[in-house]
Amino acid sequence: ALEHVPNSVRLWKAAVELEEPEDARIMLSRAVECCPTSVELWLALARLETYENARKVLNKARENIPTDRHIWITAAKLEEANGNTQMVEKIIDRAITSLRANGVEINREQWIQDAEECDKAGSVATCQAIMRAVIGIGIEEEDRKHTWMEDADSCVAHNALECARAIYAYALQVFPSKKSVWLRAAYFEKNHGTRESLEALLQRAVAHCPKAEVLWLMGAKSKWLAGDVPAARSILALAFQANPNSEEIWLAAVKLESENNEYERARRLLAKARSSAPTARVFMKSVKLEWVLGNIAAAQELCEEALKHYEDFPKLWMMKGQIEEQKELVEKAREAYNQGLKKCPHSIPLWLLLSRLEEKVGQLTRARAILEKSRLKNAKNPDLWLESVRLEYRAGLKNIANTLMAKALQECPNSGILWSEAIFLEARPQRKTKSVDALKKCEHDPHVLLAVAKLFWSERKITKAREWFHRTVKIDSDLGDAWAFFYKFELQHGTEEQQEEVRKRCENAEPRHGELWCDVSKDIANWQKKIGEILVLVAAKLKNTF
């Protein structure tokens, strides 16, 4: 057949596939003579040749087909595979120049795709050289930063991590003083790199942006997590030189000492901070340290001093009341919350603490009146409505709870926390319908997604439930409650690997919010617990009676 149609690429390919490597090589040498414009045949021949011969083959291929980028890219990969990384960049740069000279338009998207393929094939230097060469092509100056950050995200989504790393490196050369680019690059290394790559990047970052506190703090945290407390200390000391009297850095230094049981050091740092950079947060952390260490009198004294300066800072009033509650002095606690609400009438947690105090001592009517007053002062607040509904429900007054919920949803029609509660107020057969309504009103709300996951769980639809749990933590990884329910679910229905995966992902996400989560994480008794330990505690408290 080849004698009749010697220039058929398809026939040559079919013939070559039947041969042993050595014969295939000889046959391909003939094939490229008959079909000198077939890129595919040239590349197939180059793959079978030794390094020296492959170089010659690719040079010949370029002479015959001066308009194809794949030949150039293969040449760069060949040099990289043989340890000649310094040649890679030259080849890619020459490729762009030569292709343009031959009238080829450089299509940025195509080249980025080629770079991603090189990345997946392990040709890191080639992938990075391509990225450097084409990343700026056809981009307006003012669009560069925005476009490059999107390109990097897209590479991460395609799992082309070296491509993303190359984009960040290039963007940082162009924008060395842009904190936002350093931060994006740092988060990339934190999620996809090694501790060393993250720390090396942060070291360069703070040299360029010494005023960016967050970059210093990330560096200190990385050292601390690796168990190197002295190094974390010295990073914070340098950060402090660059940002004198920064509240964030003071408090990070305090946290580092207190979490490593260096209470005296933490105390001294806080005393210094109070004299040279007093802020409400510095005072609050001072009160908290004495409280968790059991020095109640010292905590109360500091709290009183703090309130002289910052009487409109609700957390101080909350702590004052909670310390009194801990000492079982109901009247004093009530007084603290009431005083606090005079100064901070829009602090929702203060209203909740006061109403729960009254409920705890059996004063249901009082608790109800407090919540009504709070809703008058803070209209359309879902948290206050939710507490009002739950107060009636806990008192066994389910009809009143349902009436209040209907009112609440009228006033806050897009509140995820109300809809998620409303689903489970319904009798079982009606829950499905209610969940459809909830998703219509707030389809991306993590509380609603979590409620749907729990609904599938209660119906024993395990795969569906797991899928919705995944969705929930993806949309809001900061919601501790979602992680706790997910973990509890895997403890009952998952393998050890699945349980471990949820725990690990939760530890990486470091959730800070969620009602049930904060009940445990902010409990004084648990102040030294790590994220993984809090997860286990919260999950243990959950009852799947929904």
Side-chain angles (χ1 to χ4, degrees), residues 179 182-183 186-187 190 198-199 202-203 205-296 298-320 322-323 510 512-513 518 521-522 524 526-531:
K179 169 182 146 186
W182 282 109
L183 205 50
Y187 282 124
K190 182 174 180 243
L198 170 64
E199 287 175 5
L202 288 168
Q203 212 167 351
V206 294
H208 286 286
C209 306
K211 292 279 178 257
E213 296 170 3
V214 60
L215 295 168
W216 288 105
L217 296 176
M218 279 178 87
K221 186 169 187 181
S222 180
K223 290 288 187 201
W224 167 41
L225 290 176
D228 191 346
V229 176
R233 256 187 214 127
S234 57
I235 288 177
L236 289 175
L238 289 169
F240 209 73
Q241 283 172 13
N243 302 274
N245 284 343
S246 146
E247 177 188 73
E248 285 294 335
I249 294 166
W250 270 119
L251 294 179
V254 169
K255 186 175 182 181
L256 179 71
E257 301 305 350
S258 65
E259 300 234 348
N260 287 291
N261 304 334
E262 295 277 4
Y263 307 126
E264 255 328 298
R265 274 190 152 172
R267 209 175 253 134
R268 282 204 304 275
L269 281 169
L270 282 165
K272 261 192 193 162
R274 287 198 303 277
S275 63
S276 61
T279 65
R281 272 181 76 208
V282 165
F283 266 103
M284 179 189 78
K285 297 288 182 188
S286 306
V287 176
K288 181 92 184 268
L289 181 69
E290 299 304 344
W291 183 13
V292 296
L293 292 176
N295 306 325
I296 302 297
Q300 285 181 300
E301 198 179 312
L302 276 166
C303 196
E304 289 307 324
E305 190 192 334
L307 283 167
K308 283 177 198 161
H309 303 286
Y310 306 102
E311 56 176 23
D312 57 350
F313 190 66
K315 284 187 176 177
L316 291 168
W317 292 106
M318 285 155 66
M319 287 167 114
K320 181 177 176 171
Q322 285 170 312
I323 292 173
E510 298 186 8
R512 290 275 173 270
H513 291 95
C518 290
S521 68
K522 290 188 185 295
I524 291 298
N526 301 328
W527 76 283
Q528 278 190 304
K529 296 267 190 286
K530 302 268 184 290
I531 298 276

Calculate, to the nearest 0.5 Å, the distance between atoms [atom1] and [atom2] belonging to [X] and [Y] respectively.
| X | Y | atom1 | atom2 | result |
| --- | --- | --- | --- | --- |
| Arg265 | Arg233 | CZ | CZ | 3.5 Å |
| Leu269 | Leu251 | CG | CG | 10.0 Å |
| Leu215 | Ile235 | CG | CD1 | 11.5 Å |
| Met318 | Phe313 | CE | CZ | 9.5 Å |
| Met319 | Phe283 | CE | CZ | 12.5 Å |
| Ile323 | Ile524 | CD1 | CD1 | 7.5 Å |

Nearest non-hydrogen partners of [X] and [Y], listed with the distance:
| X | Y | value |
| --- | --- | --- |
| Ala273 | Val282 | CB-CG1, 3.7 Å |
| Ser286 | Leu302 | O-CD1, 3.8 Å |
| Ile531 | Arg512 | CD1-NH1, 3.5 Å |
| Leu202 | Ala186 | CD2-CB, 3.8 Å |
| Ala252 | Leu217 | CB-CD2, 3.4 Å |

Side chains of [X] and [Y]: closer than 4.5 Å at any heavy-atom pair?
| X | Y | answer |
| --- | --- | --- |
| Asn245 | Trp250 | yes |
| Trp291 | Cys303 | no |
| Gln528 | Asn261 | yes |
| Lys179 | Val214 | yes |

Chi angles and distances behind the side-chain contact (heavy atoms from CB on, under 4.5 Å) call for Met218, Leu183: CA-CA 9 Å; Met218 279 178 87; Leu183 205 50; 3.9 Å; yes

Would Tyr310 and Asp312 count as having a side-chain donor-acceptor pair, cut-off 3.5 Å?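 Short answer, no.
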
Tell me, which pairs form a salt bridge (Lys or Arg N to Asp or Glu O under 4.0 Å) where one or both residues lie in residues 268-287, sequence neighbours left out?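 Found Glu247-Arg281, Glu248-Arg281.
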
Could you go step by step and tell me if Glu290 and Arg267 meet the side-chain contact (heavy atoms from CB on, under 4.5 Å) rule? CA-CA 9 Å; Glu290 299 304 344; Arg267 209 175 253 134; 2.7 Å; yes

Apply the test side-chain contact (heavy atoms from CB on, under 4.5 Å) to residues Leu316 and Glu304: give CA-CA distance (whole Å), side-chain angles for both, the deciding distance (0.1 Å), then the verdict. CA-CA 9 Å; Leu316 291 168; Glu304 289 307 324; over 6 Å; no

Side-chain atoms of residues 205-213: list all donor-acceptor pairs with protein atoms under 3.5 Å, sequence neighbours left out, distances to 0.1 Å.
from	atom 1	to	atom 2	distance (Å)
Lys211	NZ	Ala242	O	2.6
Glu213	OE2	Ser246	OG	3.0

NE2/His309: more than 12 non-hydrogen atoms of other groups inside 6.0 Å: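 Counting other residues, nucleotides and ligands, NE2 of His309 exceeds 12 neighbours.
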
Is it true that, when you exclude Glu259 itself, more than 12 heavy atoms of the residues, nucleotides or ligands shown sit nearer than 6.0 Å to its CD?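 Yes.
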
Has the side chain of Ser222 got a donor or acceptor atom that lies under 3.5 Å from a matching backbone atom of Gly219?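 Checking the backbone N and O of Gly219 against the side chain of Ser222, no donor-acceptor pair under 3.5 Å is found.
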
Would the distance check show the side chain of Asp228 and the main-chain N or O of Ala231 forming a donor-acceptor pair, the cut-off being under 3.5 Å?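 Checking the backbone N and O of Ala231 against the side chain of Asp228, a donor-acceptor pair under 3.5 Å is found.
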
Starting from the C-alpha separation in whole Å, work towards a yes-or-no answer on side-chain contact (heavy atoms from CB on, under 4.5 Å) for Leu293 and Trp527. CA-CA 10 Å; Leu293 292 176; Trp527 76 283; 4.0 Å; yes

Taking only residues two or more places apart in sequence, or in another chain, which ones meet Ser521 in a side-chain hydrogen bond (donor to acceptor under 3.5 Å, both in side chains)?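 Listed in chain order: nothing, the list is empty.
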
